[in-house]
Structure formats: C-alpha cells, structure tokens
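Structure first, then comments.
All figures in this text were calculated on a predicted structure; none of them were measured in a lab. One-based numbering along the sequence shown.
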Amino acid sequence: MPTIDCDPATARSRLADAGVRIDEGNTAHERWRAEREGAVAVAYDDKVVVQGSDPARLTALLNEGGGRAHVYFDGASRGNPGPAGVGWCLVTSDGIVAEGGERIGRATNNQAEYAALIRALEAADEYGFDEIDVRGDSQLIVKQVRGEWNANDPELRERRVRVRELLARFDRWSIGHVPREINERADDLANEALDDAN
C-alpha cells in the first residue's frame, strides 16, 4: 500500500488532468478519493494512500517520476504453446513498488516471456522511472533484445521492436540474464496467474 507524501491539491490536479474521476472522501479525515483500474487513492491532509490490486497506475500519476528501478519479468506457458501467463515486479531501494501477473491466453514460452517483458516495461514507464535495470531468466529474450541473437520468428521480431520502443523512453537502461532463483517473484506471479484461472 504505497503512501505518497504530497500536497493533496496538487495530486488531485494531476489525477484530474489524466482524466481520473475524483469523489468526495467517505469520512471527515478524507479530503477526496479517486479510483482507477483496480486501485483507489485516498487523500488526507499531507499524503495520499493508494490501495488495491494494481496501485502502480495511480501511483505513477501521483509521483513526480524519476529514479531507478530493477525490473523483473517472467512468462510461463503450459504446453508450449498452451495456456500462458506473465509476471513482473518493480523493485527500488524501498522494496517492491509494483508487481502484477495475468493470464494472456494461448502462447509459446518465448511469446509469454516477451509479453511479460512488455508489461513490465509499460509499468516502469507508467511509474515514471528514468533508469531501469531489467532482469529475466530467459537467455533467448535477453540476447535478442541486446541484439546478440537474431529473432527469426516474425512474431518475436515484432515483440522485440515493441520492447526496444519502450526501452527508448528511459534515460538509461540495461538488460541482463539472471538464474531462475533470482527471478523467483516474477516466476511465482506468472504461475499464480495460470493457477488462478483454473
């Protein structure tokens, strides 16, 4: 549950500018409430508290942006191709700031890995980070994105183009391969998304 120390009036303006509907608070202590895509922001005198299943989208609008994050991603496919899910996690020196997992339909392992990376980069961009260090346990995806290996499959090539477009939004980025145990949280989120769908 992120807590953002800020001026509630400024925060309200940012949300209104982004088209988020703002309602009056439910108690005498709440100045206002705003809801967007699975998250609720509640303003108090000198802070805004964001709650819900996906706080990253609201938090991104409330933060002034900037900073550095480690971005972890993982895709899972049961059947290759088969039912697939993605998991991602954004980590700063304060700990996990946002994470998510969802089912993406039918895909191969590599398609799921790219889908996870794209969702993770979109979240990092929405959150407003300037610098990211991306980590995943798919050597193929990491080496294709870095340009060390070719992407012969047209669909993977298309996804690599999307990844490079997203990476260009950051002032600095790196991408590296890590063992599965280092990427455990993203892996868990991808598999939980698949398990929850059954």
Side-chain angles (χ1 to χ4, degrees), residues 1-6 10-11 14-15 18 20 34 36-41 47-76 85-102 104 112-148 159-193:
M1 183 164 53
T3 299
I4 302 162
D5 294 319
C6 62
T10 303
R14 278 195 197 124
L15 294 176
V20 177
R36 183 183 201 189
E37 299 177 25
V40 177
K47 67 185 175 187
V48 176
V49 177
V50 183
Q51 308 165 5
S53 60
D54 188 7
R57 293 173 192 262
L58 268 182
T59 306
L61 294 171
L62 294 168
N63 277 321
E64 292 182 31
R68 176 175 169 242
H70 289 277
V71 177
Y72 295 91
F73 71 95
D74 195 30
V86 300
W88 56 272
C89 186
L90 306 180
V91 181
T92 68
S93 57
D94 295 327
I96 295 174
V97 294
E99 63 181 16
E102 60 192 83
I104 60 166
E113 292 281 2
Y114 264 114
L117 175 55
I118 289 167
R119 182 61 193 105
L121 294 175
E122 288 171 346
D125 182 46
E126 289 166 2
Y127 205 88
F129 290 109
D130 296 324
E131 302 181 2
I132 56 169
D133 294 300
V134 183
R135 302 294 178 255
D137 57 38
S138 170
Q139 191 174 70
L140 180 126
I141 303 305
V142 168
K143 290 195 178 243
Q144 284 184 351
V145 170
R146 290 199 303 216
E148 296 171 17
R159 291 179 189 217
R160 181 177 64 177
V161 168
R162 176 66 179 144
V163 166
R164 296 304 294 254
E165 289 171 352
L166 289 165
L167 288 170
R169 298 180 182 180
F170 300 95
D171 294 341
R172 187 200 61 77
W173 62 269
S174 71
I175 184 166
H177 176 261
V178 293
R180 184 168 299 279
E181 56 270 15
I182 302 292
N183 202 36
E184 185 175 6
R185 183 62 188 149
D187 179 69
D188 287 348
L189 289 163
N191 281 294
E192 285 170 14

task = Flag the pair Asp130 and Arg172 as a salt bridge only when some basic side-chain nitrogen lies within less than 4.0 angstrom of an acidic carboxylate oxygen.
result = no
Hits for side-chain hydrogen bond (donor to acceptor under 3.5 Å, both in side chains) against Arg160, two or more places apart or cross-chain, chain-then-number order -> none
Output for pair (Glu102 CD, Glu192 CD), nearest 0.5 Å, gives 13.5 Å
Would you mind reporting whether Glu99 and Leu189 have side-chain heavy atoms less than 4.5 Å apart? yes
Basic-acidic side-chain contact under 4.0 Å: Asp74, Arg185 = no
Rounded to the nearest 0.5 angstrom, the OG1-CG distance for Thr10 and Leu15 is 11.0 Å
Salt bridge (Lys or Arg N to Asp or Glu O under 4.0 Å) filter on Asp137, not counting sequence neighbours, yields Arg180
Note: Arg135 and Gly176 closest approach over all heavy atoms is NH1-N, 3.2 Å
Show me, pair by pair, the donor-acceptor contacts under 3.5 angstrom made by side chains of residues 162-169, not counting sequence neighbours?
from: Arg164; atom 1: NH1; to: Val145; atom 2: O; distance (Å): 2.6
from: Arg169; atom 1: NH1; to: Asp125; atom 2: OD2; distance (Å): 2.7

Closest non-hydrogen contact found for Ala11 with Val48 is CB-CG2, 4.1 Å
task: Begin from the C-alpha positions of Asn183 and Phe73 and carry the test side chain to side chain contact (heavy atoms under 4.5 Å, CB included) through to its verdict.
output: CA-CA 7 Å; Asn183 202 36; Phe73 71 95; 5.8 Å; no
TODO: Using distance alone, with no hydrogens and no angle criterion, decide if Tyr114 and Gln144 have a side-chain donor and acceptor under 3.5 Å apart.
DONE: yes
Inset, instruction - Could you please spell out the steps behind the side chain to side chain contact (heavy atoms under 4.5 Å, CB included) verdict for Arg159 and Ile118? - result: CA-CA 8 Å; Arg159 291 179 189 217; Ile118 289 167; 4.3 Å; yes
Heavy atoms of Ala112 and Gly85 approach each other most closely as CB-O, 4.1 Å
Between Ala115 and Ile104 the two heavy atoms that sit nearest each other are CB-CD1, 3.8 Å
Scanning both residues in full, the closest heavy-atom pair of Ser138 with His177 reads C-CD2, 3.8 Å
With the side chain counted from C-beta on, respond yes when Tyr72 and Asp187 share a heavy-atom pair under 4.5 Å apart, and no when they do not. no
### Query
Could you walk me through whether Arg68 and Ile132 pass the side chain to side chain contact (heavy atoms under 4.5 Å, CB included) check?
CA-CA 6 Å; Arg68 176 175 169 242; Ile132 56 169; over 6 Å; no
Here the gap from Glu148 atom CD to Leu140 atom CG, rounded to the nearest 0.5 Å, amounts to 11.5 Å
In terms of heavy-atom contacts, Ala124 and Val71 come closest through CB-CG2, 4.1 Å
Rounded to the nearest 0.5 angstrom, the SG-CZ distance for Cys6 and Arg14 is 7.0 Å
When you compare the side chain of Val134 with that of Trp173, does any pair of heavy atoms fall below 4.5 Å?
no
Say whether, by atom type as modelled, one donor and one acceptor occur between the side chain of Glu113 and the main chain of Gly75 under 3.5 angstrom. yes
| query | Ile175 versus Leu117: any side-chain heavy-atom pair under 4.5 Å? | reply | yes
